[in-house]
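Comments concern the structure below.
Below, all heavy atoms of this structure are taken into account, side chains as well, without hydrogens, waters or symmetry copies.
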Amino acid sequence: MSPNKARCGLLVLAVIVATGGSVAAQNLDQGKPAPKLFAESCASCHRSPRGLAKGRFHLTLYLFLQKHYSSGSSSAWALTSYLESIDSGKRVAAKKPQAASTARTSLRPPAPVPAR
């Protein structure tokens with residue numbers, strides 16, 4: 001093989017290595033809300049998120065989810081926060097838009113006690 005062909009081959013190989021090494025892995029769970037993450041990855045084994053975080057420390061639950069069930073640290077953190085919010089009763093709910101200021105509650109005064 002001639003020296004020119006060998007150099008050209010090495011140059012092509014170097015370009016392939018340089019361009020191929022810059023490809024990064026894609027996190028498919030990035031940007032998904034925690035309830036959707038639970039539905040896609042946990043709901044097949046767990047019916048509901050209730051009780052999954054009960055009695056567990058925040059950090060240990062996070063590390064467990066990160067190592068075994070999530071594709072990244074951000075999704076593990078979101079799942080941890082979601083599971084703890086469900087168990088502590090602090091459900092994250094969307095605010096319902098109220099009607100005009102005439103919105104009244106459904107409370108009524110007590111009924112009178114019947115006489116005997």
Value rounded to 0.5 Å, distance of [atom1] in [X] from [atom2] in [Y]:
X     : Y     : atom1 : atom2 : answer
Ser75 : Glu40 : OG    : CD    : 11.0 Å
Leu65 : Cys42 : CG    : SG    : 7.0 Å
Ser74 : Leu37 : OG    : CG    : 8.5 Å

List the atom pairs, donor and acceptor, that lie under 3.5 Å between side-chain atoms in residues 52-62 and the rest of the protein, sequence neighbours left out.
| residue | atom | partner | partner atom | Å |
| --- | --- | --- | --- | --- |
| Arg56 | NH1 | Leu52 | O | 2.8 |
| Arg56 | NH1 | Lys54 | O | 3.2 |
| His58 | ND1 | Glu84 | OE1 | 2.2 |
| His58 | ND1 | Glu84 | OE2 | 3.2 |
| Thr60 | OG1 | Phe57 | O | 3.0 |
| Tyr62 | OH | Gln66 | OE1 | 3.4 |

Under a single-linkage definition using a 4.5 Å side-chain heavy-atom cutoff for Ile, Leu, Val, Met, Phe, Trp and Tyr, are Ile86 and Tyr69 assigned to the same hydrophobic cluster?
yes
If hydrophobic clusters are built from ILVMFWY residues whose side chains come within less than 4.5 Å, do Phe64 and Leu79 share one?
yes
Smallest separation among heavy atoms of Phe38 and Ser48, with atom names:
CZ-C, 3.5 Å
Is it true that a side-chain atom of Ser81 and a backbone atom of Ala78 form a donor plus acceptor pair closer than 3.5 Å?
no
